[in-house]
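Just so you know, these numbers come straight off a predicted model, no measurement behind them. In the text below, chain A, chain B and the rest are named by the order of the sequence lines, each starting its count at 1.
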Amino acid sequence: MERIQIAAPDFDLAKTLDSGQVFHWEQAGGGFVGTIGDLAIYAEQSGGFLKASCRTLNLECKMHSGLEGLVSSYFALDHPLAEICASFPNDPTMDAAKTFCRGLRIIRQPKWECLATFICSSMKQVAHIRQISRKLRERFGEFREINDNRVYTFPSAETIAAGSEKELRECALGYRAKNLLATSRQVASGKIDLEQIGSLSDAALHARLRELPGVGAKVANCVMLFAYERLRAFPIDVWIERVLREAYFSRARKLNAGRLKAFTERYFGEHGGYAQQYLFHHARITGRRRSEKAGAARGVQNGRRCGVSLHDKGSRVK
DNA sequence: CTCCAGGGATGAT
DNA sequence: ATCATCCATGGA
């Protein structure tokens with residue numbers, strides 16, 4: 001068993017793994033078990049240290065100068081978090097999120113794993129994405145054991161491409177099965193090279209990702225942020241949209257996706273992806289459904305939101 | 001532009 | 001135990 005300990009003073013492992021950017025780590029024995037590439041890893045934080053262990057080293061590990069390099073790289077311990085946070089805009093909403101999310105990092109995920117997982121994430125909530133990820137791994141991945149925990153690697157594009165839509169549907173993918181299968185076949189055949197497109201500009205990379213079945217604007221931004229280190233990428237889902245609308249557009253009457261996109265790019269800037277992740281995590285953990293408090297009191301029909309949404313019919317004011 | 005399938009966990013009644 | 005809600009892509 002290989003064990004390492006890394007000084008990580010400005011890092012929060014639990015927040016990082018529970019912030020909706022990665023979906024397969026599970027709590028075990030005071031820490032978390034999961035995989036990094038095809039290695040089973042146990043990770044635990046105590047004091048200002050990150051401890052990690054794995055059974056065997058592999059090629060990927062050696063390329064990262066051992067387990068320490070692999071773990072440091074995956075958890076992005078080299079990101080200058082203080083500088084990143086200092087670059088955020090100063091406003092009450094951002095400040096609250098910044099305080100709440102201290103130590104949360106945007107990790108570096110394997111490209112195919114990230115792309116495939118976010119194709120599965122469409123119209124799903126975090127708990128459900130975790131289920132899908134687990135089923136895909138159990139069915140198509142490779143078994144590993146770590147500290148008496150069973151974990152599975154994420155299946156390669158080739159493995160998924162060799163499967164059928166029916167098999168994927170059995171992993172609770174629903175209509176996403178078709179998209180995942182089609183994209184896996186493009187990756188497996190070499191029609192798209194996920195490593196090569198890493199050299200494209202932000203705009204070109206976004207456009208290229210969107211050509212893949214099941215990849216819309218939001219999923220493309222997630223993949224750019226979590227697998228391609230494009231820290232400006234700003235995925236807008238319903239949570240973020242709600243935060244933006246309430247914090248920065250409370251009196252705006254017409255607001256469409258284009259205006260929101262222009263605003264986030266200008267306002268959050270270079271590390272917009274980090275800002276987005278902090279706003280998202282803060283809202284998701286502390287936000288709670290407004291129906292809990294408002295529901296009957298406000299006379300809202302069945303807890304339906306008061307404010308209009310970009311996705312609600314009737315909200316698009318040209 | 002508008003409308004809605006899709007599907008399983010989760011929360012409300 | 002039933003019923004409504006949550007979600008973002010893609011196609012009609």
Novice: Looking only at side-chain N and O atoms, does A:Q125 come under 4.0 Å of OP1 or OP2 in B:dA9?
Specialist: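 Answer is no, no contact under 4.0 Å.
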
Novice: Could you state the CD1-C1' distance from A:I132 to C:dA8, rounded to the nearest angstrom?
Specialist: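 After rounding, the reported distance stands at 13 Å.
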
Novice: In whole angstrom, what separates A:E165's CD from B:dG7's P?
Specialist: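 About 10 Å, once rounded to whole Å.
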
Novice: Is atom NZ of A:K15 surrounded by more than 12 heavy atoms (other residues, nucleotides or ligands) closer than 6.0 Å?
Specialist: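 Counting other residues, nucleotides and ligands, NZ of A:K15 exceeds 12 neighbours.
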
Novice: May I ask you to say what A:K218 touches in the nucleic acid, namely base, sugar-phosphate or nothing, with a heavy-atom cut-off under 4.0 Å?
Specialist: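 Sugar-phosphate only.
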
Novice: Report yes if a side-chain nitrogen or oxygen of A:R169 is closer than 4.0 Å to either non-bridging phosphate oxygen (OP1 or OP2) of B:dG7; otherwise report no.
Specialist: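 For B:dG7, OP1 or OP2 has a side-chain N or O of A:R169 closer than 4.0 Å.
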
Novice: Dot-bracket for DNA chain C: what is it, with Watson-Crick or G-U pairs under 3.5 Å, [ ] where a pair crosses earlier ones, and | for a pair to another strand?
Specialist: |||||||.||||

Novice: Among the nucleotides B:dG8, C:dA8, B:dA9, which one has an atom lying closest to any side-chain atom of A:Y175?
Specialist: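 Of the options given, the side chain of A:Y175 lies nearest C:dA8.
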
Novice: Please classify the nucleic acid contact of A:I129 as base, sugar-phosphate, or nothing, using heavy-atom distances under 4.0 Å.
Specialist: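 Counting heavy atoms under 4.0 Å across all strands, no contact is made by A:I129.
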
Novice: Could you check A:Q131 against A:M123 and say which one's nearest nucleotide on DNA chain B is further toward the 5' end?
Specialist: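 It is A:M123 whose nearest nucleotide is closer to the 5' end.
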
Novice: When the P atoms of B:dT2 and C:dC7 are compared, how many Å lie between them, rounded to an integer?
Specialist: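 Comparing P positions in C:dC7 and B:dT2 gives a spacing of 23 Å.
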
Novice: Are A:D237 and A:K218 within salt-bridge range, i.e. N to O under 4.0 Å?
Specialist: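 No, A:D237 and A:K218 are not salt-bridged.
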
Novice: Before we go on, tell me: are the rings of A:F118 and A:F23 under 6.0 Å apart, centre to centre?
Specialist: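 Yes.
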
Novice: Looking only at side-chain N and O atoms, does A:N149 offer a donor or acceptor that is under 3.5 Å from a partner on A:Y42?
Specialist: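 Looking only at side-chain atoms, A:N149 and A:Y42 do not form any donor-acceptor pair under 3.5 Å.
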
Novice: May I have the distance from A:F280 (atom CZ) to C:dC6 (atom C1'), rounded to whole angstrom?
Specialist: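 That distance rounds to 13 Å.
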
Novice: Between A:R208 and A:E211, does at least one N-O distance fall below 4.0 Å, as a salt bridge requires?
Specialist: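 Yes.
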
Novice: Look at A:W239 and C:dC6 and indicate whether a side-chain polar atom (N or O) is within less than 4.0 Å of OP1 or OP2.
Specialist: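 Result: no.
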
Novice: Measure from CG on A:L209 to P on C:dA8 and round the result to the nearest Å.
Specialist: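 So the CG-P distance, A:L209 to C:dA8, works out to 18 Å.
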
Novice: Return the 5'-most residue of the pair A:K124, A:A127 with respect to DNA chain B, ranking by each residue's nearest nucleotide.
Specialist: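 It is A:K124 whose nearest nucleotide is closer to the 5' end.
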
Novice: For a side chain to side chain donor-acceptor pair (under 3.5 Å) with A:S133, tell me which candidate from A:R130, A:K135, A:R137 qualifies.
Specialist: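 The single option meeting the side chain to side chain donor-acceptor pair (under 3.5 Å) with A:S133 is A:R137.
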
Novice: May I ask you to say whether A:E165 pairs ionically with A:R169, meaning some side-chain N is under 4.0 Å from a carboxylate O?
Specialist: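 So A:E165 pairs with A:R169 through a salt bridge.
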
Novice: Mind checking the C1' distance from B:dG6 to C:dA12? Whole angstroms is fine.
Specialist: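 Rounded to whole Å, the distance is 15 Å.
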
